Visitor: 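The structure follows.
If you're wondering where the values come from, they're calculated on a predicted model, not measured in any experiment. Position 1 is the first residue of the sequence, and the numbers go up from there.
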Amino acid sequence: MSNYFKKFPKVLYLFGDEITPVAFQNLSKSSNYIKNISDEISTYIEYEIKDFERPDSLSQQLYGTSEYDWTFFMMNDPIMEQGWPLALQDLYQLSTTELHKDWTCKIEYEYYTADSVSKSISTKYPVGQTVSVNGKSLIVKSKNIQLGEISVYSPNYSVDSDFTAAGGLISYTDSDNVVIENNLVSTVKESFGTYEYRNSQGDPIDYLYFPLYNEQGVDIQVVVTPKIAITNLDKLIEDNDKLKKIRIIKKELIGNVVGKYKSILGNQ
């Protein structure tokens with residue numbers, strides 16, 4: 001990043017889950033600067049960031065100097081707030097080793113009554129419960145009752161751990177010494193667990209993996225066809241792709257914009 005951000009006054013920020021505030025440049029000031037130079041930046045072009053492009057290298061490519069990399073952030077709130085988009089392989093690595101590094105058990109669709117489904121999914125497999133997944137001891141991290149998926153983790157996790165499998169069984173013994181178990185469709189890396197289902201237009205749909213019975217015992221769930229499963233990794237890629245579409249100041253305007261920006265900063 002260029003030295004331009006050093007010109008911003010500092011304020012105290014809390015980053016992520018940190019509890020100790022850090023003195024950092026007040027980037028919110030940029031909105032005031034942008035308004036003051038709105039005449040010069042009202043004409044821009046759309047650009048899509050390519051994999052492995054960095055702010056400094058893109059600035060060098062577009063303007064002949066890396067010193068204007070900060071303008072990309074000032075022009076685009078999403079990357080100002082969320083950061084520069086990642087290359088696809090880096091995004092995959094981030095998902096599988098950090099954000100979604102655990103495993104998701106997909107419960108097999110079974111024709112229970114609505115009541116027994118509720119009991120087997122919502123009140124069973126409590127978070128923190130040690131369960132057996134295909135003979136491996138894992139711990140329940142979370143569950144998606146609507147989609148019939150249970151996320152589990154290993155207390156002895158390593159990047160080489162692999163509990164993926166087709167089919168199988170998840171089970172545990174409850175406090176009454178009753179064995180609770182369900183057949184599995186599969187166990188997958190959490191990256192490939194379901195984020196949501198969408199219709200053919202890309203709109204999210206309500207979907208229950210189990211039947212929804214009325215008092216007469218008839219399944220009244222409205223089935224949307226086709227229903228497209230969007231995985232956690234799909235959603236991460238989708239959000240990252242949105243960050244790639246940015247507005248950049250035209251080359252013929254950049255000198256004037258930066259000059260006026262310096263002037264405004266000098267008067268703060």
Visitor: Any side-chain to backbone donor/acceptor pair from N134 onto L169? Under 3.5 Å, distance only.
Guide: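 Yes; judged by distance alone, with no hydrogens or angles, the pair exists.
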Visitor: Assess the residue pair T104 and F192 against the criterion (side-chain contact (heavy atoms from CB on, under 4.5 Å)); give the C-alpha distance rounded to whole Å, side-chain angles, the decisive distance to 0.1 Å, and a yes or no.
Guide: CA-CA 8 Å; T104 296; F192 304 103; over 6 Å; no
Visitor: If the plane angle is over 60° it's perpendicular, under 30° parallel, otherwise tilted; pick one for W103 and F163.
Guide: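 Perpendicular, since the angle between the ring planes exceeds 60°.
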Visitor: Could you check whether E98 pairs with K101 (Lys NZ or Arg NE/NH1/NH2 to Asp/Glu carboxylate O, under 4.0 Å)?
Guide: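 The answer is no: the pair does not qualify as a salt bridge.
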Visitor: Got Y47 and L58 here, is their nearest side-chain heavy-atom distance under 4.5 Å?
Guide: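 Counting from C-beta outward, Y47 and L58 do come under 4.5 Å.
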Visitor: Quick one: does D174's side chain have a donor or acceptor within less than 3.5 Å of a partner on D176's backbone?
Guide: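 Judged by distance alone, yes, a pair lies under 3.5 Å.
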Visitor: Using the rule given for side-chain contact (heavy atoms from CB on, under 4.5 Å), can you reason through Y195 versus D234, listing the C-alpha separation, both sets of side-chain angles and the distance that settles it, and then say yes or no?
Guide: CA-CA 8 Å; Y195 175 81; D234 290 334; over 6 Å; no
Visitor: Examine distances only and state if a side-chain atom of D69 and a backbone atom of S59 form a donor-acceptor pair shorter than 3.5 Å.
Guide: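 Checking the backbone N and O of S59 against the side chain of D69, no donor-acceptor pair under 3.5 Å is found.
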Visitor: If I compare all heavy atoms of D102 with all of V152, which pair ends up nearest, and what's the gap?
Guide: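 Residues D102 and V152, closest heavy atoms: CB-O, 3.1 Å.
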Visitor: So, S191 and S95: side-chain donor and acceptor under 3.5 Å apart, yes or no?
Guide: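 A donor-acceptor contact under 3.5 Å links the two side chains.
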Visitor: Might you point out which heavy atoms bring D51 and L88 nearest each other, and give the distance in Å?
Guide: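 Heavy atoms of D51 and L88 come nearest at OD2-N, 3.3 Å.
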Visitor: Would you find a donor on one side and an acceptor on the other, under 3.5 Å apart, between the side chain of S171 and the backbone of E181?
Guide: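 It does not hold such a pair.
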Visitor: Which heavy atom of K141 sits nearest to which heavy atom of Y153, and what is that distance?
Guide: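 Minimum heavy-atom contact is CB-CD2, 3.7 Å.
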Visitor: Counting heavy atoms not belonging to Y92, are there more than 12 under 6.0 Å from its OH?
Guide: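 Open.
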Visitor: Assign the ring pair Y63 / F72 to parallel, tilted or perpendicular, where the plane angle (0 to 90°) is split at 30° and 60°.
Guide: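 Answer is parallel, since the angle falls under 30°.
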Visitor: Using atom types as modelled and distance alone, determine if a side-chain donor or acceptor of N76 lies under 3.5 Å from a backbone N or O of I79.
Guide: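 Absent.
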Visitor: Determine whether a donor-acceptor pair (N or O, by modelled atom type, separation under 3.5 Å) exists between the side chain of E149 and the backbone of T194.
Guide: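 Judged by distance alone, yes, a pair lies under 3.5 Å.
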Visitor: Can you confirm whether more than 12 heavy atoms, excluding those of K251, are under 6.0 Å from its NZ atom?
Guide: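 Incorrect, the count does not exceed 12.
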Visitor: Using the salt bridge (charged side-chain N to carboxylate O under 4.0 Å, His left out) definition, which of the options K244, K242, K245 pairs with E48?
Guide: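 Answer to the salt bridge (charged side-chain N to carboxylate O under 4.0 Å, His left out) test with E48 among K244, K242, K245: K245.
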Visitor: If you take all heavy atoms of E67 and W70, which pair is closest and at what distance?
Guide: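 Nearest pair, atom of E67 first, then W70: O-NE1, 2.9 Å.
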Visitor: Keeping E53 on the side-chain end and K50 on the backbone end, is there a donor-acceptor pair under 3.5 Å?
Guide: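 Checked: pair present.
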Visitor: For residues N156 and S154, is any side-chain donor paired with an opposing acceptor at under 3.5 Å?
Guide: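 No, S154 and N156 have no side-chain donor paired with an acceptor closer than 3.5 Å.
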Visitor: Counting N and O atoms only, with roles assigned by atom type, does the side chain of K143 sit under 3.5 Å from a partner on the main chain of K124, one being a donor and the other an acceptor?
Guide: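 Between the backbone of K124 and the side chain of K143 there is a qualifying donor-acceptor contact (under 3.5 Å).
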Visitor: Any non-hydrogen side-chain atom of I107 less than 4.5 Å from a side-chain atom of I150?
Guide: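 Answer yes - side chains close enough.
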